[in-house]
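Data first, discussion second: the structure below is written as structure tokens.
Just so we're clear, the structure is a prediction, and the values are computed from it rather than from any experiment.
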Amino acid sequence: MFYLWNAYISMARWFYSLMFYCLIPLVLLKLWLRGKQAPEYRRRWSERFGFVHSVEGARPIWVHAVSFGETMAIIPLVEKLLDEHPEVPVLITSMTPTGSARVTAHFGDRVSHCYCPYDLPDALARFHKRINPRSCVIVETELWPNLIHSCAQRNIPVLVTNARLSARSAAGYQRFRWLAEPMLQRVTGIAVQNAQDGERFVELGLASEKLKVTGSIKFDIEAPEGAASEASRLKNAWGSERPVIIAASTHDDEETQLLQAYRNLQSRYNDLVLVLVPRHPERFTSIYDQSVKAGFRTCRRSLTQLPAADCQIYLGDTMGELMTLYSTADIAFVGGSLVEHGGHNPLEPAVLGKPVLIGPHVHNFHQIVETMEQELALQVVIDTEELQRVVAELIDHPEQARAMGIRGRNCIEANRGALDQQLQLVKQMAALG
């Protein structure tokens, strides 16, 4: 029976790999097309096939953070790891140029970085030959069958940290259970953000003894130094008495709704400032053009660090400055939530004491949103009409906005602690004292 099961697993993974190889031309075509707006997608393709530079010194801890959000989430853990074990090199891989840029901007040469190889047996074999990691840490839920298998073949422990699995994602994995279950059986451990997500992993085939509920390391967020002083400069430039709302990490079609909501709010608050921060840099120029075409006096952060006094829309078209821009606001709306993207991290404005609004599509952060809602530290708005109503209420009642912001900070303080737990698991997997 054991032999038949292993044969079944091998055949399933072989079929999956064959399909992936057949799709490679389409994958490369997609990269090339994305490169029209974001040229970095057309560079360093060799890394995606395992042709990477070796890491000097001891065997590194390999941390895979697929994109910008996962990179931001894992930064505090990597910082602690570097501080406690400077003798152990760290390699961070990502799949997107924004993730890559954030690693380089934050860590410089303190860590190694490359793109993660595609989930192809030969690409992973080349990668492992050059890197020879001592352990693999996967951030959140970037699970690939061949990646997990290649680590298991080489006795490299795999820890999925800060893991989450929404009902929607679990349903997707269930459709491919023939791949998901063997993959989860080879994972060394999974540290989940909450018990509900943990149950979904177990239902997919993870052994319960491999599961640990730690909470989310996102609650261990700290307000960055210097953000408040730079925010004060911006507010003084456009007028410190003007009310400010930020719409951050917005996606396609969302900006159109938000610009219309801003226009409607202007009829009541003619000095209102909207700080607009699209999620993806390749869309910065098109959103600027859209704002100007709509008749708004629009300033770009990348072109003029200080806005004009009559600025209406301040476009945050730089990377790594989101917390500074959040600091300028009286009210924060977290994007990716009016459209079916799944939302972004509401804890970033909350740690700054801002009242937080978010749309109804929040499956990427469902547990965090639910926790904050229970503490009255966040309000879900179902559409732009409700968004306008709540913004007006908070502007008219600043004491209500301040109280909401205080509850947000208190909520974060009450849920800290996951970072240290997950750090211990990472050290244990890497056999560090």
**OP:** State whether a side-chain donor-acceptor pair under 3.5 Å links Asp253 with Gln257.
**Re:** no
**OP:** Could you walk me through whether Gln260 and Asn264 pass side-chain hydrogen bond (donor to acceptor under 3.5 Å, both in side chains), step by step?
**Re:** CA-CA 6 Å; Gln260 184 57 52; Asn264 295 339; 3.1 Å; yes
Original post:
Do Thr98 and Thr96 get their side chains close enough for a donor-acceptor pair, meaning under 3.5 Å?
Top reply: yes
Original post:
Do you know which two heavy atoms are closest between Phe365 and Pro346, and how far apart they sit?
Top reply: CD2-CD, 4.1 Å
Original post:
With the threshold set at 4.0 Å, does a side-chain nitrogen-carboxylate oxygen contact exist between Glu84 and Lys427?
Top reply: yes
Original post:
Is there a donor-acceptor contact under 3.5 Å from the side chain of Glu254 to the main chain of Ser337?
Top reply: yes
Original post:
Does Arg43 come within less than 4.0 Å of Glu40, counting only side-chain N to carboxylate O?
Top reply: yes
**OP:** Check step by step if salt bridge (charged side-chain N to carboxylate O under 4.0 Å, His left out) holds for Asp289 and Arg283.
**Re:** CA-CA 10 Å; Asp289 292 341; Arg283 300 181 58 246; over 6 Å; no
Original post:
Once the angle between the rings of His344 and His251 is folded into 0 to 90°, is it parallel (under 30°), tilted (30 to 60°) or perpendicular (over 60°)?
Top reply: parallel
**OP:** Identify the two heavy atoms, one from Phe296 and one from Leu259, that lie closest to each other, and give their separation to 0.1 Å.
**Re:** CZ-O, 3.8 Å
**OP:** Classify the side-chain pair His85/Glu87 by whether it contains a donor and acceptor separated by less than 3.5 Å.
**Re:** yes
Original post:
Going by distance alone, is a donor N or O of one side chain under 3.5 Å from an acceptor N or O of the other, for His366 and Asp197?
Top reply: yes
**OP:** Give the minimum heavy-atom separation between Ala227 and Ser327, together with the two atoms involved.
**Re:** CB-OG, 3.7 Å
Original post:
Would a 4.5 Å heavy-atom cut-off, applied to side chains only, mark Glu79 and Leu419 as touching?
Top reply: no
**OP:** Using atom types as modelled and distance alone, determine if a side-chain donor or acceptor of Arg263 lies under 3.5 Å from a backbone N or O of Leu258.
**Re:** no
Original post:
Between the side chains of Gln290 and Thr256, is a donor N or O closer than 3.5 angstrom to an acceptor N or O?
Top reply: yes
**OP:** Any chance you could lay out the salt bridge (charged side-chain N to carboxylate O under 4.0 Å, His left out) test for Arg126 and Asp122, step after step, and finish with the verdict?
**Re:** CA-CA 6 Å; Arg126 278 190 291 272; Asp122 62 320; 3.2 Å; yes
Subject >> Short N-O contact, Arg297 and Asp310, less than 4.0 angstrom >> reply: yes
Original post:
Side-chain donor-acceptor pair under 3.5 Å between Glu321 and Thr324, yes or no?
Top reply: no
Original post:
Is the shortest distance from a Lys or Arg side-chain nitrogen in Lys218 or Glu348 to a carboxylate oxygen in the other one below 4.0 Å?
Top reply: no
Original post:
Are Ile217 and Leu423 close enough, and set up right, to give a side-chain contact (heavy atoms from CB on, under 4.5 Å), and what steps lead you there?
Top reply: CA-CA 10 Å; Ile217 60 176; Leu423 176 63; over 6 Å; no
**OP:** With salt bridge (charged side-chain N to carboxylate O under 4.0 Å, His left out) as the test, would you mind laying out the steps for Glu385 and Arg389 before giving the verdict?
**Re:** CA-CA 6 Å; Glu385 287 187 8; Arg389 180 184 63 76; over 6 Å; no
Original post:
Side chains of Leu91 and Ile61: does their closest heavy-atom pair fall under 4.5 Å?
Top reply: no
Subject >> Basic-acidic side-chain contact under 4.0 Å: Arg407, Glu375 >> reply: no
Original post:
After noting the C-alpha distance and the side-chain angles of Ile92 and Val90, does the key distance pass the side-chain contact (heavy atoms from CB on, under 4.5 Å) rule?
Top reply: CA-CA 7 Å; Ile92 302 179; Val90 174; 4.0 Å; yes
Subject >> Salt bridge Lys80-Asp220, side-chain N to carboxylate O under 4.0 Å >> reply: no
**OP:** Please assess His113 against Ser94 for the test side-chain hydrogen bond (donor to acceptor under 3.5 Å, both in side chains), listing each intermediate value before the final yes or no.
**Re:** CA-CA 8 Å; His113 173 268; Ser94 50; 2.8 Å; yes
Original post:
Is there a donor in the side chain of Trp62 and an acceptor in the side chain of Thr93, or the other way round, less than 3.5 Å apart?
Top reply: yes
Subject >> Quiz item: cation-pi between Arg44 and Tyr115, 6.0 Å / 45° >> reply: yes
**OP:** Report yes or no: do Glu393 and Gln400 form a side-chain donor-acceptor pair below 3.5 Å?
**Re:** yes
**OP:** Go through the steps to decide whether Glu142 and Trp144 satisfy the test side-chain hydrogen bond (donor to acceptor under 3.5 Å, both in side chains), and finish with yes or no.
**Re:** CA-CA 7 Å; Glu142 185 72 4; Trp144 293 96; 2.8 Å; yes
**OP:** Answer yes when Arg416 and Glu222 have at least one side-chain N-carboxylate O distance shorter than 4.0 Å, and no when they do not.
**Re:** yes
Original post:
Does the ring center of Phe49 lie less than 6.0 Å from the ring center of Phe127?
Top reply: no
Subject >> Under-4.0 Å salt bridge between Arg301 and Glu230 >> reply: yes
